[in-house]
Amino acid sequence: MKKYEFSKIESRWQKKWLKDGIYEPDLKKAKNPFYNLMMFPYPSAEGLHVGNMYAFTGSDIYGRFKRMNGYDVFEPIGLDGFGIHSENYAMKIGTHPIKQSKISEKRFYKQLEILGNGFAWNEHVETYDAEYYKWTQWLFVQMWKRGLAYRKKQSVNWCPSCKTVLADEQVIASKCERCSSVAPKKDLEQWFFRITDYADRLLHNLENLDWSERVKIAQKNWIGKSEGAEINFAVSDFPQVIKVFTTRPDTLYGATYVVLAPEHELVQKLKTKILNFGEVKKYIDLTVKKTEEERAMGSKEKTGVELKGVLAINPASGDGIPIYISDYVLSGYGTGAIMAVPAHDERDFAFAKKFKIPIKVVIDGGGLKPGEAQTESFAGEGTLVNSEKFNGMKSADAMWEIVKLVGGERKIQFRIRDWLVSRQRYWSPPIPMIFCEECAFGGIGEQKGMPGWFAVPEKELPIILPNVKEFRPEGTGESPLASVKSFHSAKCPRCGSVARRETDVSDTFLDSAWYFLRYPSATNKKVAWDDAITKKWLPVNEYIGGAEHSVLHLLYSRFITMVLSDIGIINFEEPFTKFRAHGLLIKDGAKMSKSKGNVVNPDEYIKRFGADTLRTYLMFLAPFEQGGDFRDAGMLGITRFLDRVWRLGQRVIEKEKVAKDESRERILHQTIKKVTSDIENLQYNTAISSLMVLLNKVEEKGLSRKEFEVLIKLIAPFAPHITEELWYELGNKKSIHISKWPTFEHSKTVEDTFELVVQINGKFKSRITVPVGISEADAKVEAMKNSTVSGILNGKEIKKTIFVEDRLINFVL
RNA sequence: GCCUGAGUGGCGGAACUGGUAUACGCGCACGACUCAAAAUCGUGUAGGUAAAUCCUGUGUGGGUUCGAGUCCCACCUCAGGCACCA
């Protein structure tokens, strides 16, 4: 009997697959295209870890399954190698990123090769390749032309450790997503993309996407739509009004004060009228100094200052009410001003208590009665009181009536803000823009409100990232490129004067926001993507990746795709028809991380156990979408399983005689059914377990050649090498991975008899073997024959009988 | 605080639409093979017990139902996301 030598088998087949190109679909002519995509990795120089492999394997199994089901599967691979992460690493070890990227690339690709995935290597893509980022820059230009890219001075997140600005999406609980440093706000002029223009569509389209629910919810929360009204509050002896946004206009009569964000422009305008402006100014200065973290995390204790000498007029009641400034009102949301209803908002309540502002109950509900001393606020809806002619109305009915009365306006607010895309770093595509002082002086520019700014003409792209020695960020608010004269001096595309090239680079998330468009056209150097090929292959059929990108990559990609669709250069507006988030692979109960020292490198495991065993183990340990704990011990079960498959295979190859057996045929068909639906639903763990059940049942008596071929086909997506070896040894001439997936016949999965459960008062008592489809009456008779059952029932009156067809009979006494 | 998930043997995890709880694997115990060990194969393995077709048992406490891991209510714990968003 031949021995199972996995290392020889695996490397041999990997070479052969590559040579035969069985994973390269004909991108132009494929009849049945299926785009199977996994989020491309950023090549950390520590190399691929088993968490990456977990995700890739899960995606690959689905791809192999689809391929065997007759699809032309395209499963590309590439590297998201630009960006801070790679750059930080390069700095740490003192190698230039250009050099380091080549080293990492080699290492990563080598590791990816030994996993046994069905990658289409011909279409590989690296974001730091000029052939790629040429088009990233081109994309920026398209955004600019469409008026969706703009520059603006604004309070933005600044990471002092990464020495660059960050998008809101890259700040988690006021900390930098990469390095966890506290990222305070800083006023800087930066490039933004108008993602807010697409907020409503990004939200609305979610409904029809076949995506993991948790990711959809995360996006929904991030976009944060709230419907309400904008209402004007007049200011005493002053021409300008205070605009406030509220979702609860039904509580308007309860608004006993107004709060402005400290940055609100009206504060300065009212300067001369405010009696205590010195105090006010002190508070504003203090607020500005506070970092965002202190503002958010610091004690929830409310602070603020009243603007003495001015009053706002409640437009419903006509009462004059005080105006405060407080940092609990954010300048970046709504109008930067609120009407405060202490009786019906927790925050306003706390503030009013502290500053002894009247609390007026206007909604009767939650056990709160008007007139009583208030100990807490009630934020629910209810019946209006103290609201003049609206008394007695329900919140929902009164709401818009009140808005109408005071001349307010329905308004929708979003939480999401524009995408900040510029970075003061080195290792990214330079933003392809030029600023001309001459033209700026003359008020001339390509876009409204942005004099002097011009896009680099498309034929001049790419703007190559120069190989500079000093690539470290300086922390001056400028990119390291700013000190490279040969780079930043440019000619104005319009007037030809000496101009200055933009020296900031773009966010890495721009690189990855469109890579799926590039893959199928990756070999074409003339266009970003080929129209015919794109029509054929996109949108992506199955996308798998980490849930941590819920509001980063996945949102940005959707946005960019929508824009491209609006421009008319692609014919779909959602990039990923189906998306599934894989679970997280943990080790010893904790997320794998270098600092904890629990990172598992797949290489050694592949050496020891083989890629097939590791792949199958990873998929067996827990549901793929849930993730689980990686343990060495578990590997043994899979080793045994594949060994047994191998040995059974040798018996088949040696032409062991096997008698025909109907029950064996039945379990085979049942397993085909189970494995097929489990793989379709990414429930790989149960698919593998049912294959083990099958093997346990058939191992002793053996299988016919045909039956064994079915078995290894079912295992092939999980363990591609061993099954391929057995397949060829059986005399097949073409790869098992392009063979046809087994089908089952329903009639062959069903049994003639089954074990009918007999319950008494809902408790299991016995089971009896009866024919499938047995009638209630017959079942009753059969059950009575059972000694246990008849013993208990003896002489007792049966009040009721419950019969579930082909399952159970229950006697109620 | 709010929004998602999730709590099942010694461990990872199964369980269709409410219908035999613990599939499959690990571990453990015993047995076979062997001079012996490893590997392999076989048997057993929720607890109460020596044993059962007895009793108890799916985070806790209630409820609905002939019947609840599954549905409802309240709570506890853990993981993830959002967090003064008006």
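Note: hydrogens, waters and symmetry copies are ignored here, and every other heavy atom, side chains too, is used.
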Test log, rule side chain to side chain contact (heavy atoms under 4.5 Å, CB included), inputs A/Tyr684 and A/Leu618: CA-CA 9 Å; A/Tyr684 302 139; A/Leu618 288 173; over 6 Å; no

Intermediate values then yes/no, side chain to side chain contact (heavy atoms under 4.5 Å, CB included), A/Leu554 and A/Trp211: CA-CA 11 Å; A/Leu554 286 168; A/Trp211 281 27; 4.0 Å; yes

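Residues A/Lys411 and A/Val403 fail the side-chain proximity criterion, which asks for heavy atoms closer than 4.5 Å.
In this structure, A/Phe630 has its ring center closer than 6.0 angstrom to the ring center of A/Tyr617. For A/Phe351 and A/Tyr257, the distance between ring centers is under 6.0 angstrom.
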Are any protein N/O atoms closer than 3.5 Å to N/O atoms in nucleotides 51-53 of chain B? If there are, list each pair with its distance.
unit_1, atom_1, unit_2, atom_2, d
B/U53, O2, A/Thr788, OG1, 2.3
B/U53, N3, A/Thr788, OG1, 2.9

Got a list of protein N/O to nucleotides 63-66 of chain B N/O distances below 3.5 Å?
unit_1, atom_1, unit_2, atom_2, d
B/C66, OP1, A/Lys800, NZ, 3.4
B/C66, O2, A/Asn810, ND2, 2.2

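Out of B/G81, B/A86, B/G12, the shortest distance to the side chain of A/Ala218 is found at B/G81. With B/G13, B/A86, B/A83 as the candidates, the nucleotide lying closest to the side chain of A/Ile338 is B/A86. For A/Trp222, whose side chain is taken as the heavy atoms from C-beta onward, the closest listed nucleotide among B/A14, B/A83, B/C26 is B/A83. In this structure, of B/U20, B/A83, B/C26, it is B/U20 that holds the atom nearest to the side chain of A/Glu755. For A/Ser689, the listed nucleotide lying nearest its side chain is B/C24; candidates were B/U4, B/C3, B/C24. Considering only the side chain of A/Lys302, B/C84 comes nearest among B/C41, B/A86, B/C84. For A/Arg647, the listed nucleotide lying nearest its side chain is B/U40; candidates were B/U40, B/C82, B/C24. For A/Met692, the side-chain atoms get nearest to B/G25 when compared with the rest of B/U20, B/A86, B/G25. Distance from the side chain of A/Pro623 is smallest for B/G13 among the nucleotides B/G13, B/G25, B/G19. Distance from the side chain of A/Phe620 is smallest for B/C24 among the nucleotides B/A86, B/C24, B/G27.
Taking atom CZ on A/Arg644 and atom C1' on B/C24, their separation rounds to 11 Å, with Å as the unit. Atom CG of A/Asp168 is separated from atom P of B/A83 by 9 Å (rounded to the nearest Å). Protein atom NZ of A/Lys3 is 15 Å distant from nucleotide atom P of B/A39, rounded to whole Å. The separation between A/Ile223 atom CD1 and B/C82 atom C1' is 14 Å, rounded to whole Å. If you take CD1 of A/Ile667 and C1' of B/A23, they are 12 Å apart, rounded to a whole angstrom. As a whole-Å value, the separation of A/His264 NE2 from B/A86 C1' is 13 Å. The nearest whole Å value for the distance from the OH atom in A/Tyr684 to the P atom in B/C24 is 23 Å.
A glycosidic torsion no more than 90° from 0 defines the syn conformation; B/G5 lies beyond that range and is anti.
Taking the C1' atoms as reference points, B/U56 lies 34 Å from B/U4, given to the whole Å. For the C1' atoms, the distance linking B/U22 with B/C26 amounts to 15 Å, nearest Å. On the P atoms, B/C72 is 15 Å away from B/G19, given to the nearest whole Å. Remark: the separation of the P atoms in B/A6 and B/U70 is 13 Å, to the nearest Å. When the P atom is used for both B/A39 and B/C28, the distance is 10 Å, rounded to whole Å. Nucleotides B/G18 and B/G67 are separated by 8 Å at their C1' atoms, to the nearest Å. Nucleotides B/C66 and B/C11 place their C1' atoms 37 Å apart, quoted to the nearest Å. For the C1' atoms, the distance from B/A83 to B/C71 is 32 Å, rounded to whole Å.
When both distances must be under 3.5 Å, the Watson-Crick or G-U wobble mate of B/U17 does not exist. Base pairing of B/A46 is made with B/U56, judged by Watson-Crick or G-U wobble geometry with both donor-acceptor distances under 3.5 Å. B/G5 is paired with B/C78 under the criterion used here, namely a Watson-Crick or G-U wobble arrangement in which both key atom distances are under 3.5 Å.
From A/Ile798, atom CD1 reaches atom CD1 of A/Ile760 across 8.0 Å, with rounding to the nearest 0.5 Å. Taken from OH in A/Tyr198 to CG in A/Leu203, the straight-line distance is 16.0 Å, to the nearest 0.5 Å.
Not one side-chain nitrogen or oxygen of A/Arg631 sits closer than 4.0 Å to the OP1 or OP2 atom of B/G25. At B/G57, none of the side-chain N or O atoms of A/Lys763 fall inside 4.0 Å of OP1 or OP2 (strictly under the cut-off). A/Ser226 has a side-chain polar atom (N or O) that falls below the 4.0 Å cut-off from OP1 or OP2 of B/A86. A/Arg807 has no side-chain polar atom (N or O) that falls below the 4.0 Å cut-off from OP1 or OP2 of B/G18. Between A/Tyr333 and B/A86, a side-chain N or O to OP1/OP2 separation shorter than 4.0 Å is present. The phosphate of B/C26 (OP1 or OP2) has a side-chain N or O of A/Arg640 nearer than 4.0 angstrom.
Within the 4.0 angstrom heavy-atom criterion, base atoms lie near A/Val804. No contact: A/Lys799 has no heavy atom under 4.0 Å from any strand. At a threshold of 4.0 angstrom between heavy atoms, the contacts of A/Asn685 are confined to the sugar-phosphate backbone, with no base atom among them. Using a 4.0 Å heavy-atom cutoff across all strands shown, A/Asn696 reaches sugar-phosphate atoms only and no base atom. Looking at heavy-atom distances under 4.0 Å, A/Glu213 makes no contact with the nucleic acid at all.
Taking 4.0 Å as the cut-off between side-chain N and carboxylate O, A/Asp632 and A/Lys587 count as a salt-bridged pair.
A cation-pi geometry, defined here as NZ or CZ lying under 6.0 Å from the six-membered ring centre and within 45° of its normal, does not hold between A/Arg644 and A/Phe641.
Comparing A/Gln683 and A/Glu699 by the nucleotide of RNA chain B that holds the closest heavy atom to each, the one mapping nearer the 5' end is A/Gln683.
More than 12 heavy-atom neighbours from other residues, nucleotides or ligands sit within 6.0 angstrom of CD on A/Glu625.
Side-chain polar atoms of A/Trp419 and A/Glu169 form no donor-acceptor pair below 3.5 angstrom. Looking only at atom types and distance, the side chain of A/Ser377 has no donor-acceptor partner in the side chain of A/Asp345 under 3.5 Å away. A donor and an acceptor atom, one from each side chain of A/Asn681 and A/Arg580, are nowhere located under 3.5 Å apart.
Closest approach of A/Val329 and A/Gly336 over heavy atoms only: CG1-O, 3.5 Å.
Between the side chain of A/Arg767 and the base of B/U20, a donor-acceptor pair under 3.5 Å is found.
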